[in-house]
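Just below is one structure, and these are the notes that go with it.
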Amino acid sequence: MRVQLSGASFRVNQTMEILSRLGPARLAVMGAVTLALVGFFAFVIMRMSQPDMGVLYADLSMADAGAVVRELEARGIAYETRGDGVILAPRSDLARLRMELASDGLPAGTGVGYEIFDRGDSFSSTSFVQNINQLRALEGELSRTIASLARVEAARVHLAIPERRLFERDREDPRASIVLRVRGELDQAQVRAVRHLVATAVEGLRPDRISIVDESGRLLADGATAGDSMAAVAADETRIGFENRLRAQVEDIVAGIVGRGRTRVQVAAEFDTNRVEARSETFDPNGQVARSMQTRTDNAVSTQGDAGVTVGNELPGGGEDPEGGGMRDQQETTEETINYEISRSTRVEMLEGPRLSRLSVAVLVDGAYATGPDGSVAYEPRTAEELQRIEALVRTAIGFDADRGDQIEVVNLRFAEGPQPEFLPEEPTLVESLLNPTREDVLRAVELAVLFLLSLVVIFTVLRPMLRAFTASPVMIAAGAGGGEAGAIAGGEGGGTPALPSRSDATSQMIEMAKVNGQVQQESLERVADLVKQSPSETVSVMRQWIHERG
């Protein structure tokens, strides 16, 4: 145990002596170089272990950037943030992260809304700035509302609202333009819903003054036409929507029989856009009802006597004949009036277009393909029975009406392009990736190569000499120093001549070598004596151990 402690103390003393010989200046330089090397290799290791980052989202608002960062932290995904709403993520996971975040509704991408009035000082703003902010807020709120629809991914709204002027009689109507990024396709009912939504949110804006365009530049609604032409446009849009819907239904049902992509369907629909008003009035003679009845009776009595005109007859009471002489006439009349009400029905029917008046459907199907034993593909036409079954399915799917004049034609012809084999895209192998590198792969390889070259330069120019200096033993250092002193002494004695004379005699060479070895041994003994003086107790312990081992 003492021997081990003595050996450790001896090594510590050797290290301290080497450090004292180097001096504080060299030690400071070596420490700085060591720290620089540690930092350099730490940077290289971190850079090599860090995944390749790519841009996940850019130009995000602070609210959207915060929501995306919180979602990435919850998922445990490494990310980096930069200025102006730029978020970086591992390049290999960019597509997957975008799809997962999009399913969660991130980023919202809503733009600015009415919260614009919460920023800044409204008292110092001019009326022009306030009007612009109001227009921006209205556009942003409409964009948010439209983007909340199921099939709308993003929306941009531009409003053109004329400025109100005093004493202006003819005022121009507002207009609006909307750009939509949709998932799939919007039907005409949904397009009209968007137009009416915006029209009711802006004062004085009519739905026919709103234009809607999708991300591919396709016009969904034309806001340049108004008045009577809007009815024609609406009828045309209705016809196109009806034909597209019917074509999709027929293609879907036929593709289940002949295969996807092996059928072509065209639908031509004719609509009647005239407005028809029909009035009809019907009377029912059997449905008589007495509405009113009136009865009137008249009685009349007249009497005629034989006596002439006398004074007695003219006196009051003188014309009465108590005996009833003369003629008497009595008449009675009865009148009855009954008013009857006959049942009557009045029907007013108004038919407004468009109404389907005729339908024509053309279905083209490809034949069957069979692979022979030699691998060749043979074409087989469809049988008449198969075509009849397909036609029956199409009739049922479109609501065929012979009285309306509908027509259906199912034809089997060979397509110009045969069926293409379906295959899933394979992951590129390592050899293919090396032969066809992308721009990111080239940049990554250059970066790794530069880091590798810098590491080699640092290892061979800095680290290797330092390791040699630390691993050199004190005896070799002393021998080197003694050799130098011996050479200097020999040079001094010879008057500037070399220490070893150039002789061909072997004996003289051996003598010179013995002198040099003696000088080296003397220097070694002096070094050992110095060590003994510095550590007498450890030296005694070592000597006792040697004596004990030899005994």
Side-chain angles (χ1 to χ4, degrees), residues 169-171 173 188-189 192-193 195-196 199-200 203-208 225-239 241-242 246 269-360 395-396 398-407:
R169 294 183 178 179
D170 298 333
R171 181 186 175 188
D173 295 333
Q188 294 301 319
R192 287 195 300 270
R195 299 179 75 176
H196 285 279
T200 52
E203 182 182 0
L205 181 60
R206 300 199 311 267
D208 55 9
T225 57
D228 297 336
S229 59
M230 285 298 299
V233 172
D236 192 34
E237 292 177 352
T238 303
R239 180 183 59 80
F242 178 79
L246 208 59
E270 297 180 3
F271 285 88
D272 185 7
T273 59
N274 297 325
R275 181 178 179 180
V276 179
E277 181 177 354
R279 295 177 178 270
S280 60
E281 188 174 1
T282 306
F283 295 90
D284 187 7
N286 297 324
Q288 298 179 359
V289 179
R291 185 177 67 174
S292 62
M293 184 176 61
Q294 183 179 3
T295 303
R296 188 179 62 179
T297 303
D298 295 335
N299 295 322
V301 178
S302 61
T303 304
Q304 184 178 2
D306 296 335
V309 179
T310 63
V311 176
N313 291 335
E314 297 297 331
L315 293 178
E320 297 180 358
D321 187 6
E323 295 181 0
M327 297 180 63
R328 184 177 183 180
D329 187 12
Q330 183 178 1
Q331 182 179 3
E332 181 178 356
T333 304
T334 303
E335 182 179 356
E336 183 179 5
T337 303
I338 301 176
N339 295 323
Y340 291 93
E341 189 72 28
I342 300 175
S343 63
R344 178 183 62 179
S345 62
T346 303
R347 180 181 180 185
V348 179
E349 183 179 2
M350 299 180 63
L351 302 177
E352 294 187 0
R355 298 180 305 277
L356 182 62
S357 59
R358 189 170 179 271
L359 187 63
S360 300
R395 288 174 180 269
T396 306
I398 67 173
F400 180 81
D401 188 0
D403 298 335
R404 195 171 52 193
D406 295 349
Q407 292 183 354

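Heavy atoms only: backbone and side chains are in, while hydrogens, waters and symmetry mates are out. Please read these numbers as outputs of a predicted model, since none were measured by experiment.
In this structure, CZ in Arg404 is found 10.5 Å from CZ in Arg358, a value given to the nearest 0.5 Å. With rounding to the nearest 0.5 angstrom, the CG atom of Leu359 is 5.5 Å from the CG atom of Leu246. Atoms CG and CD, on Asp406 and Glu270 in that order, are 10.0 Å from each other to the nearest 0.5 Å.
Between Arg279 and Glu281, the closest side-chain pair of non-hydrogen atoms is not below 4.5 Å.
By the side-chain contact (heavy atoms from CB on, under 4.5 Å) test, Thr337 pairs with Gln294, Glu335, Asn339, sequence neighbours left out. With sequence neighbours excluded, no residue forms a side chain to side chain donor-acceptor pair (under 3.5 Å) with Glu332. Residues that satisfy the side chain to side chain donor-acceptor pair (under 3.5 Å) test with Ser280, not counting sequence neighbours, are absent from this structure. The side chain to side chain donor-acceptor pair (under 3.5 Å) search around Arg192 returns none, not counting sequence neighbours. Considering only residues two or more places apart in sequence or on other chains, Thr333 meets the side-chain contact (heavy atoms from CB on, under 4.5 Å) condition with Asp298, Gln331. Listed by chain and number, the residues in a side chain to side chain donor-acceptor pair (under 3.5 Å) with Ser357 amount to none (sequence neighbours excluded). For the salt bridge (Lys or Arg N to Asp or Glu O under 4.0 Å) test, residues two or more places apart in sequence or in another chain that qualify with Asp272 are Arg355. Residues passing the side-chain contact (heavy atoms from CB on, under 4.5 Å) test with Glu336, sequence neighbours excluded: Met293, Thr295, Ile338.
Side chain of Arg195 to main chain of Pro207: a donor-acceptor pair is present (N/O by atom type, distance under 3.5 Å, no hydrogens or angles).
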